[in-house]
Amino acid sequence: MEFELGSILKLVKRRLLFIIVLCIAAVGLAGSVSYYVLQPKYEATASILIQGDRQQKAINDIMAGQKLVTTYGEIIRSSRIAEEVVRKLQLKMTAEELLKNVKTRTNSESLVTTVIVTDSKAQRATDIANGFGEAFNANIQSIMGVENVVFLDRAKVPSDPVSPKPVFNMAVAFGLSLITGIAISILRELMEKPVRSAKDIQLDLQLPLLGTVGKLKPRKRRNKAKTKSAEGATSYEEENAKIILPGTTEVI
Amino acid sequence: MKKKTPKLYCLEQPKSSSGDQFRSIRSNIRYTRVGGEIRSLLVTSSLPDEGKSTVAINLAIAMAEAGKTVLLIDGDLRTPTVHKAFDLPNWIGLSSILVDHTRLEDCIISIEEADGLSVLTSGPISPNPAELLGSEGMKRLFAELSVRFDTIVIDSSSVLMPFSDALILATMTEGVLLVVKSGKVLLKHTSSAKHLLEQQGAHLLGAVLNYRKKSRRSKIRGEDFAEWASSSGMV
């Protein structure tokens, strides 16, 4: 059985109901899972600008400041800051657990550090992001001796969750179920057995076989080919025998 | 779709293996029934183009060779082919007997090459074959023909068609032969054809596997011999 585009289209047409049901089921499942089962997650971001010393505005300072940005990012994610946030916001988790949901993003081109917090509640994510900013602000002087920390953007309460994305999930489910449906249809088509032998008729159909009619011409041609090859083989053997014979006399 | 003209293996190559194959089918049919021979036989298949006409024609020739008077009826009133195989005119035939009451003697043609074989072609293609075949006139005609000939072989249209021509004919004949084209027809088609025929109360004699290719594996295993032995009634 050959599968060209046309035959696949025909196949899809024939099994359209099955494929549609599969797609609806998959999309429904993906939708209900992402709407009702999965906990939504919200993301809040706060950005902090660290300027270094304001009196020295040399370019070198900015260069050093850029390098420091990475350091600040790590300081924000330190447990000292995290513990303070937990204490201040009275969160029911340890500093380590909190840090799992906190990321910092630094850019080598700028001095801005961004704190990204994901949480199941929008308000809490915002509070944590701002809490990190404030705790960092309060602690940075005792750690690094820098004063010029500016809260560039306070975190805003996010309106839409970042995950799950129901529409995206449903689209993926639709695509996957479509492919699976077509694959199953093709497999089922391949599994379908054409009647080929006497055994098929006698065992599967439970019909007595009254006889078989074969093709005439191909068989004749095949016989001819066989005799030719047989002749070839014998002449080859004869040649071999001629070669071997003198050798054997020498051995004797 | 142009239908191929069936080949008369039994007439043109009487000593060929194909001729022998039809003769062995003939003798197998003889032994399918305990009390007496099958006197009317319908040749059909699940789908079109499985070689019904070829089997029907050659079987009829093989039966005539056995010394019987055989009538071959082209019961396929939609795509008739029997007249093409024997190179006969088809302006009168089965349909004209049923519709215009053409005389039987004018329509039944005896074939010179095959002694004892007569052919009734389909006649002009009619718009309502199922009605014609199911009519009282057809029953009467069939009864009359059964008296005149030892054996009647009917070539019919395929079973899995939206029309019931083959099933109507199957109820009239004593036995039904299902032609199965090897490697092309799916098992589900053949089995649903079988169930349809059985539902109509037709007596399914058996199947003929057509266009069979020899597989190398079966040669090595000797399945060929087993098949031949079982098909010729040895096992």
Side-chain angles (χ1 to χ4, degrees), chain A residues 1-4 6-19 182-233, chain B residues 7 9 13 16-32 46 50-51 54-55 58-59 62 175 177-191 193-195 204-215 217-218 223-224 226-228 230-233:
Chain A
M1 229 171 282
E2 64 267 16
F3 280 103
E4 301 144 17
S7 67
I8 287 179
L9 281 179
K10 242 188 252 169
L11 190 69
V12 167
K13 230 185 227 171
R14 201 163 48 208
R15 303 225 191 270
L16 199 60
L17 190 73
F18 165 73
I19 292 172
I182 293 171
I184 289 173
S185 311
I186 290 175
L187 267 180
R188 265 166 65 175
E189 190 79 354
L190 284 175
M191 298 286 229
E192 264 177 11
K193 210 171 135 198
V195 182
R196 237 180 247 288
S197 67
K199 244 191 330 201
D200 293 340
I201 288 180
Q202 283 164 332
L203 294 179
D204 295 335
L205 280 175
Q206 303 276 313
L207 270 178
L209 185 76
L210 292 175
T212 59
V213 181
K215 282 181 182 172
L216 241 180
K217 281 172 188 173
R219 207 178 299 166
K220 264 186 181 171
R221 221 177 284 151
R222 196 180 291 168
N223 286 348
K224 263 185 194 170
K226 200 193 271 175
T227 51
K228 249 187 198 173
S229 70
E231 277 169 21
Chain B
K7 291 201 173 70
Y9 295 111
Q13 301 153 288
S16 68
S17 62
S18 282
D20 281 337
Q21 283 163 343
F22 288 111
R23 266 167 235 129
S24 94
I25 295 170
R26 173 196 67 196
S27 34
N28 284 332
I29 290 169
R30 267 171 84 180
Y31 296 120
T32 49
S46 48
E50 288 193 65
T54 311
V55 171
N58 287 287
L59 196 59
L177 198 68
L178 197 65
V179 178
V180 180
K181 185 169 181 178
S182 164
K184 190 207 172 198
V185 182
L186 297 180
L187 205 54
K188 64 171 184 188
H189 292 143
T190 333
S191 65
K194 184 196 164 198
H195 288 306
L204 256 173
L205 296 175
V208 170
L209 194 63
N210 200 5
Y211 290 99
R212 192 179 60 107
K213 284 175 199 151
K214 278 190 179 181
S215 68
R217 202 184 55 179
S218 74
E223 277 173 14
D224 255 18
E227 252 173 47
W228 169 79
S230 64
S231 69
S232 53

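The shown structure was predicted, so the numbers you read here are calculated from the model rather than taken from an experiment.
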Legend entry - Options B:Val55, B:Thr190, B:Leu205, B:Leu187, ranked by heavy-atom pairs under 4.5 Å with chain A, top entry: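 Max contact count across the listed options: B:Leu187.
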Legend entry - When B:Leu177, B:Val208, B:Asp20, B:Thr54 are compared by non-hydrogen pairs under 4.5 Å with chain A, the top option: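 Going by pairs under 4.5 Å, I would pick B:Val208.
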Legend entry - Contact origin within B:Phe22 toward chain A - heavy atom pairs under 4.5 Å: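 For B:Phe22, side-chain heavy atoms alone lie under 4.5 Å from chain A.
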Legend entry - Nearest heavy-atom neighbours spanning B:Val180 and B:Ala207: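 Taking every non-hydrogen atom into account, CG2-CB, 4.2 Å.
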Inset, instruction - Looking only at non-hydrogen atoms, find the nearest pair between B:Glu50 and B:Val185 and report the distance. - result: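 Result for this residue pair: OE1-CG2, 3.0 Å.
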Inset, instruction - Walk me through it: do A:Gln202 and A:Leu207 pass the test side chain to side chain contact (heavy atoms under 4.5 Å, CB included)? - result: CA-CA 5 Å; A:Gln202 283 164 332; A:Leu207 270 178; over 6 Å; no
Inset, instruction - Could you pull out all residues at least two apart from A:Arg14 that satisfy side chain to side chain donor-acceptor pair (under 3.5 Å)? - result: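 So A:Arg14 forms a side chain to side chain donor-acceptor pair (under 3.5 Å) with A:Glu189.
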Legend entry - Contacting region of A:Ile201 [heavy-atom separation from chain B under 4.5 Å]: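 Answer is side chain: those atoms of A:Ile201 sit under 4.5 Å from chain B.
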